[in-house]
Amino acid sequence: MPAALPHHIAIVMDGNGRWARKRFLPRLAGHAQGVEALRRCVRACAARGVQVLTVFAFSSENWSRPADEVSGLMGLLAKALAREVPDLSRDGVRVHFVGDRAALSDSVRRGLEQAEQLTVGNSRLVLNICFNYGGRWDIVQAAARLAERGQAITEASLHAAMGLAHVPDPDLVIRTGGEMRISNFLLWQAAYSEFVFSERLWPDFDEAALDEAIASYGARERRFGRTSEQVCAQQPEALQA
Ligand code: FPP
């Protein structure tokens, strides 16, 4: 029986700065290489039948980085969108941005909107790019929207008001770069995700590393709070295999 394939993979793409430092390059060169790794990863996920890929590209806290790195990341995003979105669209990728757009410049915001509009009809792979995103921000903005509408706060209503309401929760969260923390990523949605921490720096994350993470996921037993016996009783075909 083939190992389970995650429907939704989410990635903290960490290690661009260290990748650059090891080569005596500016940090931005690491981020540029990170864009290449992202492009490879999107295609590899689509080829394997993964339906949703969510990546952490710029966190609410990244504004506190040096000004030239922040403006460099904004410029990199604009360039990457102009260069990649037509190809992504041809490959059936639908792009969504998740995060607080209010703090972004008009031109960056327009770039995000255009990418979303251009790919709106696609359904092979949903690519969620978390940009100016934080898990706490997402929970607070969802609660504030419900309060504004006078709606009761329940798990279902909060979920529906959050940035990833259009996709199921991530099955697998990968973090590259050797750190083992969540760093304010998908705090709500990752409640029952499986985690893989890779020592690879993000620019070095290749298809083999992706396959390793997927294989690790395939070997896990997801219990969602139940016992192992209950899980097996619900999946008799898994016992026969
Ligand atoms: C973390 O590495 C990475 C980021 C803060 C940015 C991630 C962005 C990309 C992979 C490029 C794609 C993004 C855009 C804008 C399209 P780090 O800088 O914290 O690395 P370090 O821990 O080695 O210093």
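Computed from a predicted model, the values in this text were never measured in an experiment. Read the numbers this way: they start at 1 and go in the same order the structure lists the ligands and their atoms.
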Which donor-acceptor pairs under 3.5 Å do side chains of residues 159-170 form with protein atoms, sequence neighbours excluded?
{"unit_1": "His159", "atom_1": "ND1", "unit_2": "Trp188", "atom_2": "NE1", "d": "3.3"}
{"unit_1": "His166", "atom_1": "NE2", "unit_2": "Asn128", "atom_2": "OD1", "d": "2.7"}

Measure from every N or O atom of ligand 1 to the protein's N or O atoms and keep only the pairs below 3.5 Å, writing each with atom names and distance to 0.1 Å.
{"unit_1": "ligand 1", "atom_1": "2 (O)", "unit_2": "Asp14", "atom_2": "OD1", "d": "3.3"}
{"unit_1": "ligand 1", "atom_1": "2 (O)", "unit_2": "Gly15", "atom_2": "N", "d": "3.4"}
{"unit_1": "ligand 1", "atom_1": "18 (O)", "unit_2": "Arg27", "atom_2": "NH2", "d": "2.8"}
{"unit_1": "ligand 1", "atom_1": "18 (O)", "unit_2": "Arg65", "atom_2": "NH1", "d": "2.8"}
{"unit_1": "ligand 1", "atom_1": "19 (O)", "unit_2": "Asp14", "atom_2": "OD1", "d": "3.2"}
{"unit_1": "ligand 1", "atom_1": "19 (O)", "unit_2": "Arg65", "atom_2": "NH2", "d": "2.8"}
{"unit_1": "ligand 1", "atom_1": "20 (O)", "unit_2": "Gly15", "atom_2": "N", "d": "3.3"}
{"unit_1": "ligand 1", "atom_1": "20 (O)", "unit_2": "Asn16", "atom_2": "N", "d": "3.2"}
{"unit_1": "ligand 1", "atom_1": "20 (O)", "unit_2": "Gly17", "atom_2": "N", "d": "3.0"}
{"unit_1": "ligand 1", "atom_1": "22 (O)", "unit_2": "Asp14", "atom_2": "OD1", "d": "3.0"}
{"unit_1": "ligand 1", "atom_1": "22 (O)", "unit_2": "Arg18", "atom_2": "NE", "d": "3.4"}
{"unit_1": "ligand 1", "atom_1": "22 (O)", "unit_2": "Arg18", "atom_2": "NH2", "d": "3.1"}
{"unit_1": "ligand 1", "atom_1": "23 (O)", "unit_2": "Gly17", "atom_2": "N", "d": "3.3"}
{"unit_1": "ligand 1", "atom_1": "23 (O)", "unit_2": "Arg18", "atom_2": "N", "d": "2.7"}
{"unit_1": "ligand 1", "atom_1": "23 (O)", "unit_2": "Arg18", "atom_2": "NE", "d": "2.8"}
{"unit_1": "ligand 1", "atom_1": "24 (O)", "unit_2": "Arg27", "atom_2": "NH1", "d": "3.2"}
{"unit_1": "ligand 1", "atom_1": "24 (O)", "unit_2": "Arg27", "atom_2": "NH2", "d": "3.1"}

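For Glu61, the CD atom sits in a packed shell: over 12 heavy atoms of surrounding residues, nucleotides or ligands are nearer than 6.0 Å. Residue Glu84 qualifies as enclosed at atom CD: its count of foreign heavy atoms under 6.0 Å is above 12.
The stretch residues 23-46 participates, sequence neighbours left out, in no ring-ring contact (aromatic ring centres under 6.0 Å, His included) pair at all.
The aromatic rings of Trp137 and Tyr133 sit perpendicular, their planes meeting at an angle over 60°, well past the 30° parallel limit.
For Arg109, the salt bridge (charged side-chain N to carboxylate O under 4.0 Å, His left out) test picks out Asp106, with sequence neighbours left out.
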